[in-house]
Amino acid sequence: MNAEFLASRNIYKAYVSCRRRKRNTANARKFDMRFSQNIVRLTRALQSGKYTPGKSICFVVRNPKPREVFAADFKERIVHHLLVEELEKYWEKIFIFDSFACRKGKGNLAAVERVAHFMRSVTDNGRRRAFFLQIDIASFFMSIDKAILWQLLKKGMEKQFKEPGKAEQVAGIAKTLLFHDPTKKYYNKAKASEWKLVPDKKSLFHCEQGKGLPIGNLTSQFFANVYLNELDQYAKHTLKIRCYVRYVDDIVVIHESKNKLAEYFNKIKVFLREKLKLKLKPAVKLAGLSCGINFLGYVQHVFYRLPRRRVLNNVRNTMQKWDFVRKIKEFDFEDLKKLRSSINSYLSYMAHASAKKAVKRFFQEYSWVLEYFKLLPGKVVLKDEIINAEKQRIYKKVYGG
């Protein structure tokens, strides 16, 4: 049997890739405490074909909308990286250029910039009128049919792997992860009040039999791209849509003819229903480009980009909470690091929009921020006296005096 895929060096490489972003999590530290034992045990389970996923941590996030998340254990995340990195070698050659979610060198900003490029192209740099169609799939992750997805994955693996042993190994792990039901065994971290916020149609606990992928896993993100690649290929090669951009299940199509967009919409709707058993959300946007396209956190116009009002409201709410905390207690060093992270996240977001006046108003409204931070281009840093005071505090704690 081909042993290369499940060789120790590949599993270690997947561990390093996984640890890069999860280094300081409790699960990662727990795994590292008995690293040699855990990595050997995982390797043996995978090589023997006896690997089974463990319990996930289930919790609810509220922003931007309430949704349940199943976070796999660190050990499972290693397997996710191992599988996805192997399957990507084939699927990255198959995916269209204009699919932007969860792919190396892509991302939401690249997707927004691609939309801006298409807007300028279709309008001949604003000289012609054009329209856009924006559609979204209803309860996408909870509606994915595992049987259909498995056939797509299996078809791809048959083309990708010529060695029977390797094909068997990869397929075995892919099938185990795809058909694993995390709702059977999990750690619940959500309060009863939080569960009430999650609609049934957005929960794995209320999915139809054989449907639904857990939000929060690398494999789910990759599998979603495989699933909707069918739509991408249909849109690009059958319908011949040139200006088509997809990020997860949020799709934007741009054309000079409003009637043509309506035709595309009807054909995409039928294709999704018949081929992938998916439905579109009732709210469909078909309008002129002069309205701007509200896409991935920005409102994109032909020549400029504005921050989304909801994002600005979220920032305002966050800063008001920090202002309240400031008035009832003195910030400690950990508070300031969290506040710095929030402000820099906001500044990074605004750097990609036409928002100089909004940033200026931010520092006028929250001028107290500059008591703790120095403002540099595109970010804030803690003032030297605050850093020095923290160093002295740590020194005294360790050495006394």
Side-chain angles (χ1 to χ4, degrees), residues 67 87 90-103 111 118 131-160 171 174-175 177-179 181 199-204 206-215 219-255 257-287 295:
R67 55 178 180 159
L87 293 180
Y90 168 78
W91 285 98
E92 276 298 320
K93 299 173 185 176
I94 304 300
F95 293 152
I96 65 168
F97 179 86
D98 291 319
S99 163
F100 285 88
C102 309
R103 295 176 64 194
F118 282 144
F131 303 86
F132 73 95
L133 168 69
Q134 189 169 19
I135 54 180
D136 202 351
I137 296 170
S139 305
F140 172 55
F141 279 94
M142 302 304 133
S143 301
I144 291 175
D145 188 293
K146 292 184 179 183
I148 294 174
L149 176 55
W150 174 241
Q151 290 304 315
L152 296 174
L153 286 168
K154 194 163 67 168
K155 185 178 178 181
M157 286 185 283
E158 287 170 357
K159 293 180 180 179
Q160 181 178 3
K175 192 171 186 179
L177 293 175
L178 173 59
F179 289 99
D181 184 356
D200 288 354
K201 63 184 179 180
K202 298 287 186 181
S203 172
L204 282 179
H206 301 280
C207 269
E208 291 181 42
Q209 187 71 26
K211 288 193 175 185
L213 296 180
I215 294 174
T219 46
S220 296
Q221 297 165 355
F222 175 74
F223 290 161
N225 275 339
V226 172
Y227 203 70
L228 283 186
N229 176 63
E230 296 297 296
L231 172 63
D232 297 341
Q233 301 296 333
Y234 174 72
K236 286 288 190 179
H237 301 300
T238 302
L239 298 182
K240 307 291 184 184
I241 303 176
R242 183 172 70 89
C243 301
Y244 168 100
V245 175
R246 180 178 67 80
Y247 189 92
V248 192
D249 62 323
D250 197 349
I251 300 160
V252 172
V253 182
I254 300 170
H255 201 276
S257 168
K258 195 172 185 179
N259 291 335
K260 194 67 176 177
L261 288 174
E263 179 187 327
Y264 288 154
F265 168 73
N266 290 325
K267 289 182 176 178
I268 287 172
K269 183 179 179 180
V270 172
F271 179 88
L272 287 172
R273 184 180 68 240
E274 294 183 351
K275 300 294 183 180
L276 299 176
K277 297 184 180 178
L278 297 173
K279 295 180 181 178
L280 292 175
K281 286 183 179 178
V284 177
K285 187 82 171 176
L286 179 54
F295 185 55

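- Interatomic distance, Ser139 OG to Lys202 NZ, rounded to the nearest 0.5 Å: 4.0 Å.
- Atom-to-atom distance recorded for Leu204:CG and Ile215:CD1 is 7.5 Å, nearest 0.5 angstrom.
- Partners of Phe265 according to the side-chain contact (heavy atoms from CB on, under 4.5 Å) rule, which considers only residues two or more places apart in sequence or in another chain, are Leu133, Ile135, Lys269, Leu280, Val284.
- Atom NZ of Lys146 sits about 6.0 Å away from atom CG of Asp181, to the nearest 0.5 Å.
- Residues forming a ring pair (Phe, Tyr, Trp, His ring centres under 6.0 Å) with Phe140 (at least two apart in sequence, or on another chain): none.
- For Ala111, the side-chain contact (heavy atoms from CB on, under 4.5 Å) test picks out Phe100, Val245, Tyr247, Phe295, Leu296, with sequence neighbours left out.
- Distance CG/Leu153 to CG/Leu178: 6.5 Å, rounded to 0.5 Å.
- One finds the NZ atom of Lys275 at 12.5 Å from the CG atom of Leu231 (value rounded to the nearest 0.5 Å).
- Phe95 meets the ring pair (Phe, Tyr, Trp, His ring centres under 6.0 Å) test with Trp91; sequence neighbours excluded.
- Interatomic distance, CE of Met157 versus OH of Tyr90, reported as 11.0 Å (0.5 Å rounding).
- Nearest heavy-atom pair, Cys207 versus Gly212, reported as atom, atom and distance to 0.1 Å: SG-CA, 4.0 Å.
- When all heavy atoms of Phe271 and Glu230 are compared, the closest pair comes out as CZ-O, 3.5 Å.
- Taking a 6.0 Å sphere around NZ of Lys281, one finds it holds more than 12 heavy atoms contributed by other residues, nucleotides or ligands.
- When every heavy atom of Ser220 is checked against every heavy atom of Pro214, the shortest pair comes out as OG-O, 2.6 Å.
- Scanning both residues, Ser257 and His255, for their nearest heavy atoms gives N-ND1, 2.9 Å.
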Donor-acceptor contacts, no H, no angles, side chain residues 222-229, under 3.5 Å, sequence neighbours left out:
from   : atom 1 : to     : atom 2 : distance (Å)
Asn225 : OD1    : Arg246 : NH1    : 3.4
Asn225 : OD1    : Arg246 : NH2    : 3.2
Asn225 : ND2    : Ala101 : O      : 2.8
Tyr227 : OH     : Asp145 : N      : 3.3
Tyr227 : OH     : Leu276 : O      : 2.6
Asn229 : OD1    : Gln233 : NE2    : 2.9

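- Here Arg103 pairs with Glu92 under the salt bridge (charged side-chain N to carboxylate O under 4.0 Å, His left out) rule; sequence neighbours left out.
- Residues satisfying the ring pair (Phe, Tyr, Trp, His ring centres under 6.0 Å) criterion with Phe131, sequence neighbours excluded, are absent altogether.
- The two residues Trp150 and Ala171 make their nearest non-hydrogen contact at CH2-O, 3.5 Å.
- Every residue two or more places apart in sequence or in another chain that forms a side chain to side chain donor-acceptor pair (under 3.5 Å) with Asp200 is listed here: His206.
- Remark: Lys285 pairs with Phe132, Gln134, Ala287 by the side-chain contact (heavy atoms from CB on, under 4.5 Å) rule, at least two apart or across chains.
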Practice prompt. Show the numbers, then the answer: is there a side-chain contact (heavy atoms from CB on, under 4.5 Å) between Gln151 and Lys155?
Written response: CA-CA 6 Å; Gln151 290 304 315; Lys155 185 178 178 181; over 6 Å; no
Worksheet entry | Asp249 and Phe141: CA distance, side-chain angles, deciding distance, side-chain contact (heavy atoms from CB on, under 4.5 Å) verdict | CA-CA 9 Å; Asp249 62 323; Phe141 279 94; 5.8 Å; no
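- Under the rule for a side chain to side chain donor-acceptor pair (under 3.5 Å), Arg273 has no partner lying at least two apart in sequence or in another chain.
- Heavy atoms only, all atoms of each residue included: Met142 and Leu213 are closest at CE-O, 3.6 Å.
- With sequence neighbours left out, the salt bridge (charged side-chain N to carboxylate O under 4.0 Å, His left out) criterion links Lys236 to Asp98.
- Residues satisfying the side-chain contact (heavy atoms from CB on, under 4.5 Å) criterion with Glu263, sequence neighbours excluded, are Lys260, Lys267.
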